[in-house]
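Structure record follows, encoded as structure tokens.
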There are 2 protein chains.
Amino acid sequence: MQQKKDTPLRSDAQRNRERILEVALAELTCSADAPLSAIAKKAGVGQGTFYRHFPNREALVLEVYRYEVQQLAETAAQLLETRAPDRALREWMDRFAQYSMAKAGLADALGKATARGTLAALGHGPVTAAITLLLDANEEAGTIRPGVTPDDFVLAIAGLWQIDPHSDWQPRAGRLLDLVMDGLRAGAPGAGARG
Amino acid sequence: MQQKKDTPLRSDAQRNRERILEVALAELTCSADAPLSAIAKKAGVGQGTFYRHFPNREALVLEVYRYEVQQLAETAAQLLETRAPDRALREWMDRFAQYSMAKAGLADALGKATARGTLAALGHGPVTAAITLLLDANEEAGTIRPGVTPDDFVLAIAGLWQIDPHSDWQPRAGRLLDLVMDGLRAGAPGAGARG
DNA sequence: GAACCTAACGGACAGCTGTCCGTTTAACAA
DNA sequence: TTGTTAAACGGACAGCTGTCCGTTAGGTTC
């Protein structure tokens with residue numbers, strides 16, 4: 001979806017891309033499943049152009065919410081500064097859940113983005129980096145079992161994508177994340193196996 | 001999707017339903033994402049008829065693989081007879097993963113079926129019953145933390161739906177299920193917090 | 001400023017899902 | 001049998017996604 005760095009976007013392409021994102025943000029905020037064709041039309045571009053910029057819905061949504069994703073990623077480092085690694089990890093999971101549920105459609109997009117074997121759509125995006133950071137800190141501190149990969153982690157919290165953001169998701173998500181956290185702690189070389 | 005018991009299917013409807021299932025098994029075995037319209041046509045029924053019997057893809061797949069699902073459910077009780085509850089649970093998870101991955105498209109269908117807040121499509125199906133059975137046995141034996149619901153469990157293993165069945169799924173699934181199992185064990189009143 | 005080249009464009013198109021509605025026909029009663 | 005009724009039928013239709021390909025127009029070079 002992205003250009004190689006050595007061939008920057010042509011000026012008209014750049015304009016189109018930005019107009020699409022602008023319209024998409026508005027439309028997606030109204031309704032998470034706004035038809036892509038409508039977005040293309042409102043942005044004044046053809047179907048072909050649209051799909052060249054964003055080959056599928058996820059690509060679009062990820063880009064629209066890029067700022068939010070960025071923020072989420074940066075939160076990881078901040079949490080690690082002020083808290084014990086395991087607390088940081090657990091709180092970051094909560095933030096993760098919040099972001100996913102708050103922005104309509106973001107959960108779906110993140111889910112599908114990581115789906116089917118590759119977490120390539122995130123990968124190596126800022127989120128993966130954040131996860132790595134947190135896992136490494138915890139492994140070093142001995143607060144989680146050694147050898148957990150970002151892939152393992154994403155699979156473990158995948159249940160989040162099953163939760164309806166319009167429902168009362170907090171308790172379900174909380175229970176899931178607690179369970180995962182305990183799973184991660186099991187086998188840790190450090191102190192207790194429980195939180 | 002199902003008739004109420006007091007209004008049995010009309011004979012022609014019954015025939016159609018069975019013809020659809022017959023064709024669907026064949027088609028889905030070839031290609032997991034065989035177009036529903038093609039199945040309808042091969043079965044010699046109209047679109048409308050088709051969608052009245054099976055309102056969406058998942059409904060069809062679940063029914064096609066009903067036998068397999070049934071088997072999976074029954075396995076739970078059998079495992080509990082010959083093994084410690086926690087071993088039974090863990091092994092059942094493996095079977096679960098195997099069934100999901102083996103039958104093309106079944107994973108997708110199970111995933112979507114449980115998706116979005118309700119596990120109504122399984123619910124209260126045989127699978128939910130099997131899960132309940134296993135969880136109860138473990139809770140009673142003190143091998144897992146108390147209070148885990150089938151919903152919790154399904155969310156926890158939801159990562160399975162993210163795994164591509166065509167890939168080398170075994171190690172990834174194994175790691176995921178180990179993690180979940182450890183999470184379940186954490187906080188158990190019984191002996192060790194690890195397996 | 002003219003000519004060239006290729007990235008980018010746009011819209012037609014194909015394939016899919018799920019809905020709607022007028023028509024048919026099985027089931028049952030008289 | 002014949003008549004009645006509502007369940008079931010079938011196919012047209014609408015909406016969506018993603019692809020394809022002939023056309024347009026930026027950027028660049030001379």
Side-chain angles (χ1 to χ4, degrees), chain A residues 1-21 23-24 27-28 30-64 104-105 108-109 111-113 115-116 121, chain B residues 1-21 23-24 27-28 30-64 104-105 108-109 111-113 115-116 121:
Chain A
M1 156 192 79
Q2 216 71 304
Q3 295 294 306
K4 292 191 174 181
K5 270 293 165 57
D6 53 8
T7 59
L9 275 180
R10 225 169 64 178
S11 61
D12 57 339
Q14 182 62 33
R15 276 196 302 278
N16 278 329
R17 180 187 171 79
E18 273 161 19
R19 216 165 44 250
I20 291 174
L21 282 173
V23 172
E27 293 293 303
L28 289 177
C30 286
S31 157
D33 50 1
L36 300 186
S37 51
I39 296 177
K41 179 170 283 184
K42 278 207 180 184
V45 305
Q47 302 276 68
T49 302
F50 183 90
Y51 281 100
R52 206 166 323 100
H53 281 290
F54 306 100
N56 51 51
R57 187 178 213 89
E58 299 91 80
L60 176 66
V61 175
L62 282 180
E63 201 56 25
V64 166
D108 258 7
K112 286 193 183 156
R116 298 285 111 167
Chain B
M1 154 191 80
Q2 217 70 303
Q3 295 294 305
K4 293 190 171 183
K5 270 292 166 58
D6 53 7
T7 59
L9 275 180
R10 224 168 66 178
S11 61
D12 57 340
Q14 182 63 34
R15 276 196 302 278
N16 277 329
R17 180 187 171 78
E18 274 162 17
R19 213 164 48 248
I20 290 174
L21 282 173
V23 172
E27 293 293 303
L28 289 177
C30 288
S31 157
D33 50 1
L36 300 185
S37 52
I39 295 177
K41 179 170 284 184
K42 277 207 180 183
V45 304
Q47 302 276 68
T49 301
F50 183 90
Y51 281 99
R52 207 166 322 100
H53 282 290
F54 306 100
N56 51 51
R57 187 178 213 88
E58 298 92 80
L60 176 66
V61 175
L62 282 180
E63 200 56 25
V64 165
D108 257 7
K112 285 193 182 155
R116 297 286 110 167

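Values below: every heavy atom of this structure, side chains too, minus hydrogens, waters and symmetry copies. All chains are named by letter (A, B, ...) in the order of the sequence lines, taking the proteins before the strands, and each is independently numbered beginning at 1.
- In this structure, Arg17(A) and Glu63(A) have side chains that are in contact, with non-hydrogen atoms separated by less than 4.5 Å.
- Ile39(A) has its CD1 atom 12 Å from the P atom of dG18(D), to the nearest Å.
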Quiz item: Between Leu21(A) and Leu60(A), does a side chain to side chain contact (heavy atoms under 4.5 Å, CB included) hold up when you go through it step by step?
Solution: CA-CA 8 Å; Leu21(A) 282 173; Leu60(A) 176 66; 4.2 Å; yes

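- The distance between atom CZ of Phe50(A) and atom C1' of dT17(D), rounded to the nearest whole Å, is 10 Å.
- Comparing dC9(C), dT17(D), dT17(C) by their closest approach to the side chain of Asn16(A) singles out dC9(C).
- The CD atom of Glu27(A) sits 12 Å away from the P atom of dC16(D) (whole-angstrom rounding).
- Picking from dT19(D), dC9(C), dG18(C) the nucleotide with the shortest atom distance to the side chain of Tyr51(A) gives dT19(D).
- Gly46(A) and Ala40(A) get closest at one heavy-atom pair: O-CB, 4.4 Å.
- Computed from coordinates, the Gln14(B) CD to dA26(C) P distance equals 15 Å when rounded to whole Å.
- Leu60(A) has its CG atom 15 Å from the P atom of dC16(D), to the nearest Å.
- In this view, Lys42(A) and Glu27(A) satisfy the salt bridge (charged side-chain N to carboxylate O under 4.0 Å, His left out) rule, not counting sequence neighbours.
- Each of dG18(D), dC9(C), dC9(D) was ranked by its minimum atom distance to the side chain of His53(B); first place goes to dC9(D).
- Proximity of Asn56(A) to the phosphate of dT17(D): no side-chain N or O atom is located under 4.0 Å from OP1 or OP2.
- Taking 4.5 Å as the limit, some side-chain heavy atom of Ser11(B) sits within range of a side-chain heavy atom of Arg15(B).
- Atom CD1 of Ile20(A) and atom CZ of Phe54(A) lie 5.5 Å apart (nearest 0.5 Å).
- Distance Phe54(A) CZ to dA8(C) C1': 14 Å, rounded to the nearest Å.
- Straight-line distance from the NZ atom of Lys41(A) to the C1' atom of dT17(D): 15 Å, rounded to whole Å.
- How far CG of Asn16(A) is from CD of Glu18(A): 10.0 Å, rounded to the nearest 0.5 Å.
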Quiz item: What is the per-nucleotide protein-contact pattern of nucleotides 20-30 of chain D, from the 5' end, where B denotes a base atom under 4.0 Å from a protein heavy atom, S denotes such proximity for sugar-phosphate atoms only, and - denotes neither?
Solution: B-----SS---

